[in-house]
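A, B, ... follow the sequence lines: proteins, then strands. Residue 1 opens every chain.
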Amino acid sequence: MLDDLYGVTSDLGNEGIFFCLSGPMSQELLVEIGGAIKNKMLMDEASKSTMSQVFSIIVEMVQNIIFYSDEKLEYEQLGETSSCNVGLIAVGEEKDSYFVMSGNMIKNEKVNRLKNRIEKLVAMSKDELKKFYKEQRRAGPDEYSKGAGLGYIEMARKTSRPLGFEFREIDENMSFFSIITYV
Amino acid sequence: MKNLKIDETKYTPEMTFDPETLVIAIKGKSYPENTEEFYKPAFEWLEKNLSDLGKKGLTVNLELIYFNSSSSKALMNFFDMLEESVDNGDNITVNWMYEEDNESILEYGEEFLEDIETLPFNLVPLKSRE
């Protein structure tokens with residue numbers, strides 16, 4: 001394993017990825033990730049607007065992992081069982097744009113619903129997305145959503161290229177869901 | 001009247017009310033894990049005091065440098081509530097403040113403005129802080 005670690009990090013570098021974190025996610029960690037990315041982007045002299053768009057996508061993705069990942073790490077704290085949801089977040093650059101990717105496990109039974117939802121967004125124009133975002137903001141979330149149900153619409157609106165996504169079946173219960181956006 | 005005072009954290013804004021000037025100020029970032037839970041005390045305070053404040057003339061100053069999508073929903077609910085009050089004859093003004101070089105906050109303000117009909121809603125540029 002140890003002698004592979006350089007291989008892992010150079011693979012990430014070759015893909016343009018300058019930040020990658022895989023493991024249990026939390027709100028506190030999200031704050032720190034935001035700080036690290038901000039420092040890197042300040043060095044790049046990125047505009048405030050670009051920084052805020054990249055940060056916005058990171059927040060939506062990490063909070064999606066916190067809410068919806070089906071891989072959980074359970075632990076005992078003061079006699080109570082708590083859990084932390086596991087996923088991956090990566091940020092990189094490619095030519096003139098930044099990209100943000102995330103990945104997490106999802107139960108197979110949920111795959112179709114999420115896939116349909118994202119496909120619908122990918123097929124929409126920016127104007128249609130804006131209209132849909134505003135409708136949803138007033139309508140409220142559906143029964144499966146723990147937030148406002150706006151996260152993926154926000155990503156689809158911010159991305160400068162179509163959202164990329166993939167569902168890879170791992171076994172009879174779980175698939176790995178990954179998604180990428182470009183700013 | 002019990003005063004509104006919620007301190008800023010790394011991911012939630014400061015919320016205050018000044019009874020002298022009748023100004024509610026919301027300032028900072030907003031990306032709590034549970035948005036509904038976070039905003040609940042502020043909405044409850046507002047429900048109790050809005051009709052009284054609306055008659056006296058209320059100003060709401062928003063200076064958010066970042067907010068997530070569920071906070072955007074909470075803000076929309078907030079503006080809808082204020083607008084209903086304005087439609088009942090109350091006097092309320094919202095100032096949406098943005099740093100002049102932060103286009104995305106300006107754009108969010110413009111989109112709220114598109115969805116608001118009668119609530120006075122000003123887009124106010126601020127000098128950049130860096």
Side-chain angles (χ1 to χ4, degrees), chain A residues 25-35 37-38 42 45-68 84-85 126-127 129-141 145-158 183, chain B residues 8-13 28-40 43 63-84 97-117 119 125-130:
Chain A
M25 295 288 166
S26 69
Q27 180 71 22
E28 294 300 321
L29 197 51
L30 172 56
V31 173
E32 300 304 324
I33 296 171
I37 303 300
K38 187 181 172 190
L42 280 173
E45 296 180 347
S47 73
K48 242 178 213 173
S49 211
T50 307
M51 290 206 282
S52 117
Q53 288 191 52
V54 166
F55 182 59
S56 165
I57 290 168
I58 294 171
V59 170
E60 300 301 331
M61 284 182 174
V62 171
Q63 289 186 331
N64 274 347
I65 293 170
I66 294 173
F67 284 144
Y68 309 114
C84 229
N85 282 1
K126 292 283 177 195
D127 282 345
L129 285 166
K130 179 176 172 180
K131 194 164 161 266
F132 188 50
Y133 177 87
K134 287 182 164 190
E135 277 167 19
Q136 285 295 110
R137 185 160 70 179
R138 274 244 161 78
S145 181
K146 292 178 191 164
L150 297 171
Y152 289 116
I153 314 177
E154 185 90 62
M155 290 179 212
R157 292 191 66 190
K158 291 226 157 76
V183 172
Chain B
E8 185 173 12
T9 73
K10 283 176 188 164
Y11 44 84
T12 55
K29 297 179 183 169
S30 178
Y31 58 107
E33 196 174 334
N34 190 332
T35 307
E36 219 176 281
E37 197 179 289
F38 171 73
Y39 281 103
K40 210 174 158 206
F43 274 109
E63 197 181 331
L64 291 166
I65 48 173
Y66 172 74
F67 54 92
N68 67 352
S69 61
S70 55
S71 299
S72 153
K73 162 100 186 141
L75 288 169
M76 194 72 248
N77 292 345
F78 178 45
F79 299 143
D80 282 345
M81 197 170 159
L82 297 177
E83 185 155 84
E84 206 184 301
M97 296 155 157
Y98 63 97
E99 285 182 89
E100 56 191 0
D101 57 347
N102 194 338
E103 280 159 45
S104 62
I105 293 296
L106 169 61
E107 277 165 28
Y108 278 114
E110 287 169 343
E111 284 192 9
F112 279 121
L113 186 55
E114 287 167 12
D115 279 7
I116 284 164
E117 283 166 20
L119 174 68
L126 301 173
K127 276 251 170 308
S128 171
R129 266 175 291 174
E130 283 163 303

Please classify the contact of B:Ser72 with chain A as side chain, backbone, both or neither, using a heavy-atom distance under 4.5 Å.
both
For a quick test of reading the model, state the closest non-hydrogen atom pair linking A:Lys48 to B:Ser128 and the distance between them.
NZ-OG, 3.2 Å
Got a second to check how far B:Met76's CE is from A:Gln136's CD, nearest 0.5 Å?
14.0 Å
Return the minimal non-hydrogen interatomic distance between B:Glu103 and A:Ser49, and the atom names on each side.
CB-OG, 3.7 Å
Selection from A:Lys134, A:Gln53, A:Glu28 maximising heavy-atom pairs under 4.5 Å formed with chain B
A:Lys134
If we only count heavy atoms from C-beta on, is the B:Asn68 to A:Glu154 side-chain gap below 4.5 Å?
no
Answer yes or no: are there more than 12 heavy-atom neighbours, outside A:Lys126 itself, under 6.0 Å from its atom NZ?
yes
Over all heavy atoms of both residues, which pair between A:Arg137 and B:Lys73 is shortest? Give the atoms and the distance, please.
O-NZ, 2.7 Å
Looking only at heavy atoms, the pair that brings B:Asp115 and A:Arg138 closest together is O-NH2, 3.2 Å
Count the heavy atoms belonging to other residues, nucleotides or ligands that lie under 6.0 Å from CD of B:Glu84, then report whether that count exceeds 12.
no
Taking all non-hydrogen atoms of both residues into account, name the closest pair between A:Arg157 and B:Glu111 and its distance.
NH2-OE2, 2.5 Å
Examine distances only and state if a side-chain atom of A:Gln63 and a backbone atom of B:Tyr31 form a donor-acceptor pair shorter than 3.5 Å.
yes
Is it the case that over 12 heavy atoms from other parts of the model lie below 6.0 angstrom from the CD atom of A:Glu45?
no
For residues A:Ser52 and B:Asn102, determine if any side-chain heavy atom of one lies less than 4.5 Å from a side-chain heavy atom of the other.
yes
Is the closest side-chain heavy-atom distance between A:Met51 and B:Tyr66 below 4.5 Å?
no
At a 4.5 Å cut-off on heavy atoms, which part of B:Phe79 comes close to chain A: side chain, backbone, both, or neither?
neither
For the residue pair A:Lys158 / B:Ser104, report whether a side-chain donor-acceptor contact shorter than 3.5 Å exists.
no
I'd like to verify something: which residue of A:Val31, A:Thr50, A:Val62 has the highest number of heavy-atom pairs under 4.5 Å with chain B?
A:Val31
